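Encoded as structure tokens, the structure appears first; notes follow it.
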Protein chains: 2
Amino acid sequence: MYKAAMIDICKALADPARLKILEFLHRPDAQCCTFADRVCACDVESLLGLSQPATSHHMRILVRAGLVTSEKHGRFIYYRLNAAAFASAAEYFARVVPPPRRPARAA
Amino acid sequence: MYKAAMIDICKALADPARLKILEFLHRPDAQCCTFADRVCACDVESLLGLSQPATSHHMRILVRAGLVTSEKHGRFIYYRLNAAAFASAAEYFARVVPPPRRPARAA
DNA sequence: TTGACACATTCAAATCTATCGATGTATAAA
DNA sequence: TTTATACATCGATAGATTTGAATGTGTCAA
């Protein structure tokens with residue numbers, strides 16, 4: 001995980017709307033075309049209460065950061081969490097910050 | 001961990017300068033008044049190559065997010081990583097995203 | 001007490017971000 | 001083919017963020 005990728009991930013996470021999207025992707029409350037772990041963009045739109053372009057904007061940021069993957073099916077786009085990205089972010093932080101119990105460093 | 005606190009943490013992490021500070025706090029390359037796991041603000045300043053007010057700004061954001069703690073000793077302020085904050089952030093993400101191997105949900 | 005130093009705060013400028021309305025594009029339905 | 005639908009892109013705007021110069025505050029040294 002390069003630092004630039006890590007920054008993109010953190011930026012993607014640093015917004016209430018996008019955090020809400022991620023929570024929704026984890027436990028989707030099916031409405032129109034959402035099923036199983038796949039969520040369509042229109043459901044995200046009604047979830048957020050934002051305009052369609054704003055929703056599109058947020059999804060693009062999440063996809064670019066790698067936190068979410070997208071699949072086009074006809075007119076619909078289905079989104080899904082990408083657990084691997086979360087895992088490598090967690091790994092990065094494990095390297096940056098010492099685990100809670102060990103002393104930081106003897107200098 | 002409330003969502004608002006989580007957003008503050010993510011915002012704090014979403015900047016190259018601040019990520020650099022965190023890496024430095026983890027493995028401080030002692031220069032002027034840094035020793036052990038304590039780092040003074042002036043060393044952060046020379047690390048970043050930014051102005052003193054900009055450095056102060058970044059440190060304030062990190063402290064407010066809880067990622068870093070500060071201790072005043074005379075004229076100096078020593079900063080230290082707060083591992084507990086990283087731990088609770090990690091816990092939040094573990095709740096938001098399913099662990100890599102388990103399927104997300106059967107709907 | 002005076003001067004130097006470490007850091008905070010204020011202010012303004014430049015840049016970035018989130019948002020919406022309008023419009024474009026691709027696909028499905030009629 | 002025509003129309004409707006799902007989503008992307010563009011352009012503009014309001015608000016947030018980063019930054020430095022100037023200045024303020026508290027602490028140490030002389």
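Chain letters run A, B, ... following the sequence lines, proteins first and then strands; every chain starts at 1. The shown structure was predicted, so the numbers you read here are calculated from the model rather than taken from an experiment.
- The side chain of A/S56 approaches D/dA8 more closely than any other nucleotide in the set D/dA8, C/dA8, C/dT19.
- Using a distance-only test at 3.5 Å, with no hydrogens or angles considered, a donor-acceptor pair links the side chain of A/N82 to the main chain of A/G66.
- For the pair B/E71 CD and C/dA6 C1', the interatomic distance rounds to 16 Å; values are reported in whole Å.
- At distances below 3.5 Å, not a single donor-acceptor pair connects side-chain atoms of A/R64 with backbone N or O atoms of A/I9.
- Contact check, B/R60 against C/dT9: a side-chain N or O comes under 4.0 Å of OP1 or OP2.
- Following rounding to the nearest Å, A/L19 (CG) and C/dT17 (P) show an atom-to-atom distance of 18 Å.
- Phosphate proximity of D/dC7 to A/K72: absent, as no side-chain N or O sits under 4.0 Å from OP1 or OP2.
- Between A/M59 atom CE and D/dA6 atom C1' there is a gap of 14 Å when expressed in whole angstrom units.
- If A/L50 and B/I77 are placed on DNA chain C by their nearest nucleotide, the residue sitting closer to the 5' end is B/I77.
- Between D/dT18, C/dA18, C/dA6, one nucleotide has an atom nearer to the side chain of A/H57 than all others, and that is C/dA18.
- Residue B/L13 contributes atom CG, which lies 15 Å from atom P of D/dT17 at whole-angstrom precision.
- Map A/K11 and A/G74 each onto its nearest nucleotide of DNA chain C; the residue landing nearer the 5' end is A/K11.
- Distance A/D15 CG to C/dT17 P: 11 Å, rounded to the nearest Å.
- The A/A54 side chain lies nearest to C/dT19 when the options are C/dT19, C/dC7, D/dT18.
- Listed for the A/T55 side chain is a donor-acceptor partner under 3.5 Å among the backbone atoms of A/S51.
- Side-chain atoms of A/Q52 and base atoms of D/dA8 include a donor and an acceptor less than 3.5 Å apart.
- Atom NE2 of A/H58 is separated from atom P of D/dT9 by 15 Å (rounded to the nearest Å).
- Within the 4.5 Å cutoff, the side chain of B/H58 has heavy atoms near those of the B/I21 side chain.
- Among the heavy atoms of the strands, none lies under 4.0 Å from B/L48.
- Each of C/dA18, C/dA22, D/dA6 was ranked by its minimum atom distance to the side chain of A/P53; first place goes to C/dA22.
- Picking from C/dA28, C/dT19, D/dA8 the nucleotide with the shortest atom distance to the side chain of A/R75 gives C/dA28.
- Contact annotation: B/R18 side-chain N/O to D/dT18 OP1/OP2 distance is under 4.0 Å.
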